Amino acid sequence: MDLTYTDEQKAFRDEVRAFLDDKLPKRQRDKVAGGKRLTKADYEEWHAILNERGWLGVTWPAEFGGTGWDAVQRHIFEEETTRAHAPRIVPFGLNMLGPVLMKFGSKAQQDHYLPRILNGDDWWCQGYSEPGAGSDLASVKTTAVREGDHYIVNGQKTWTTLGQYADKIFCLVRTSKEGKPQQGISFLLIDMDSPGVEVRPIVLIDGEAEVNEVWLSDVKVPVENLVGEENKGWTYAKYLLTHERTNIAGVGFAQAGLENLKRIAGLEKAGGRPLIENPFFAAKMAQVEIDLMAMATTNLRTIAAAAAGQAPGAESSMLKIKGTVIRQEINALTRQAVGPFAMPFVSEALDEGSNVEPVGPDYALPATQAYFNNRKLSIYGGSNEVQRQIISKTILEL
Ligand SMILES: Cc1cc2nc3c(=O)[nH]c(=O)nc-3n(C[C@H](O)[C@H](O)[C@H](O)COP(=O)(O)OP(=O)(O)OC[C@H]3O[C@@H](n4cnc5c(N)ncnc54)[C@H](O)[C@@H]3O)c2cc1C
């Protein structure tokens, strides 16, 4: 298997770099590099810049207005955008709902929603999880009862990322209690401004309210908002999850994190010498770098296999576990390197234009914020424990 880039792929990488040099606003680059809080307007601005270049539908085929890129091109794009400190592409409409509509949506739904996702007219959020239905997603209890040409929806979704910004939510709802739990689930598109939808923020340990509860009380949803067939939602939900888990290894994020760690360890002192020269700390950094290099190679092997038409199997689970463990270890070492200045966590100082002063060097606050925020990595997108179960069943056949 050839893991080196072809001349064409190298030329593509240069094209992406030139685009980022030219078009990524410095304000955004600085915010991402400095770990500042991004606003809805920041994400929308970056999406619009990418869309203008035709590079927003990274995973979409050309017929739907996407790039039509193969797995290697997508990987190069992700690597370069991360390295350049571009904001991430918000995945809910683009990487989750979009592919589901392309495969299972009606022509009317495709014609209506897909261009609106690219143009930034609709901000989507994901209404899968509920209290009691996370890893065990088939237990969803939110009900949708058909009444004429509407469904009446009642229930509660939770952990809804950036739901406070969303115009619409795609939900798994229970339309039948017959048979196995998976057989009574449907996939419904709901306007967030419908009467009966209430968003309540959940503040996490980093002081951020990036997730929410979404309460649905007698919400009237037109039947044309059903995707595919009633009670077949489990199939669409699983298909969406395979797209949710793209770029799961997060190699670019880990590389950027490691570079930052090395920089900080070069600036911080231990016993009068730079921390990076401390054998104990240097050994920990070396170990995480070795792990990262091994994972990056595994990731490239998976990408090469995908480019050759092989669907990734349990490798996704391996990459999810290794990727998140490595990123969390880098976060922990960075926080350790920052030392006592990691303690006074003044989260307000992360807001652009805030007059609250952070304590300590400018890298201390983002290091603590990343440490707290990235606790989520091993939970969402299928928790690491659940990924281990998948590996034990499919690879080890236990
Ligand atoms: C920051 C964040 C953002 C999120 N964003 C969204 C979103 O936008 N939309 C959305 O729908 N959901 C979202 N989620 C929800 C996420 O998908 C769930 O948290 C996740 O699936 C785990 O479910 P749970 O929280 O209900 O935990 P549970 O499923 O109750 O798990 C609790 C513990 O038990 C372990 N466990 C569970 N089942 C097994 C098993 N079979 N074998 C071994 N161990 C097991 C888990 O690993 C975990 O440690 C988000 C979560 C977080 C933390």
Side-chain angles (χ1 to χ4, degrees), residues 37-38 40 43 88-98 100 122-142 153 155-174 181-182 185-190 192 197 199-216 233-234 236-246 248 250 253 314 316-317 320-321 324-325 327-328 331 369-394 396 398:
R37 208 163 261 149
L38 294 175
K40 181 180 187 185
Y43 288 116
R88 67 177 180 137
I89 292 178
V90 181
F92 306 106
L94 286 153
N95 297 347
M96 298 188 191
L97 180 65
V100 169
D122 295 329
W123 181 299
W124 285 90
C125 62
Q126 181 188 24
Y128 271 30
S129 304
E130 297 179 3
S135 306
D136 180 17
L137 203 50
S139 306
V140 289
K141 290 197 174 58
T142 295
V153 180
Q156 184 202 343
K157 295 293 170 183
T158 193
W159 304 121
T160 318
T161 301
L162 302 183
Q164 72 272 34
Y165 296 157
D167 307 298
K168 294 175 193 298
I169 180 167
F170 52 87
C171 280
L172 296 184
V173 291
R174 183 152 301 287
Q182 288 86 343
I185 291 173
S186 298
F187 195 107
L188 208 55
L189 311 177
I190 302 178
M192 293 294 276
V197 177
V199 179
R200 298 182 194 165
I202 305 173
V203 180
L204 300 182
I205 46 172
D206 60 353
E208 196 79 38
E210 84 179 10
V211 289
N212 301 271
E213 296 175 344
V214 177
W215 292 76
L216 303 145
W234 188 247
Y236 318 145
K238 281 194 302 184
Y239 181 77
L240 181 146
L241 288 176
T242 63
H243 286 265
E244 181 173 353
R245 290 174 190 155
T246 53
I248 200 135
F253 291 111
S316 305
S317 298
K320 164 84 209 292
I321 296 169
T324 55
V325 167
R327 282 174 69 190
Q328 289 179 342
N331 290 146
Q369 198 273 344
Y371 174 83
F372 283 145
N373 190 270
N374 282 345
R375 299 297 91 200
K376 70 188 177 190
L377 297 179
S378 44
I379 302 172
Y380 70 16
S383 75
N384 283 14
E385 290 79 9
V386 169
Q387 303 306 320
R388 287 192 182 94
Q389 296 281 28
I390 294 172
I391 292 172
S392 75
K393 280 197 189 120
T394 55
L396 305 175
L398 294 174

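In each ligand, atom 1 is the first atom listed, and ligand 1 is the first ligand listed. Keep in mind that this is a model prediction, so the values were computed, not measured.
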Which of the ligand 1 atoms, numbered from 1, are nearer than 4.0 Å to a heavy atom of V211: 1 (C), 2 (C), 3 (C)
Close-contact set for ligand 1 against S383 heavy atoms, below 4.0 Å: 46 (C), 47 (O)
Sub-4.0 Å atoms of ligand 1 with respect to non-hydrogen atoms of V386: 38 (N), 39 (C)
Heteroatom proximity flag, D136 to ligand 1, N/O under 3.5 Å: no
Student check: side-chain heavy atoms of I185 and V173 closer than 4.5 Å: no
Under 3.5 Å donor-acceptor, K40 side chain and L162 backbone: no
Option nearest atom 17 (O) of ligand 1 (shortest heavy-atom distance, choices P91, S392, S129, S139): S129
Side-chain (Q126) to main-chain (M96) donor-acceptor, under 3.5 angstrom: no
Sidechain-backbone polar pair: D206 side chain, E208 backbone, donor-acceptor under 3.5 Å: yes
Element-labelled atoms of ligand 1 that are located less than 4.0 Å from some non-hydrogen atom of K376: 1 (C)
For Y128, atoms of ligand 1 separated by under 4.0 Å from a heavy atom: 11 (O)
Where ligand 1 meets G134 - atom numbers and elements under 4.0 angstrom, heavy-atom basis: 21 (O), 23 (O), 24 (P), 26 (O)
Polar contact flag for Y380 and ligand 1 (N/O pairs, less than 3.5 Å): no
Nearest neighbour of atom 6 (C) of ligand 1 from the list F92, F170, W159, on a heavy-atom basis: W159
Aromatic ring pairing F170/F187, orientation class (parallel under 30°, perpendicular over 60°, tilted between): parallel
E130 side-chain N/O to T142 backbone N/O, donor-acceptor pair under 3.5 Å: yes
Q328: side-chain contact (heavy atoms from CB on, under 4.5 Å) partners, not counting sequence neighbours: R375, L377, S378
Per-atom contacts, ligand 1 versus S135 - under 4.0 Å to a heavy atom: 21 (O), 22 (C), 23 (O), 28 (P), 29 (O), 31 (O), 37 (C), 38 (N)
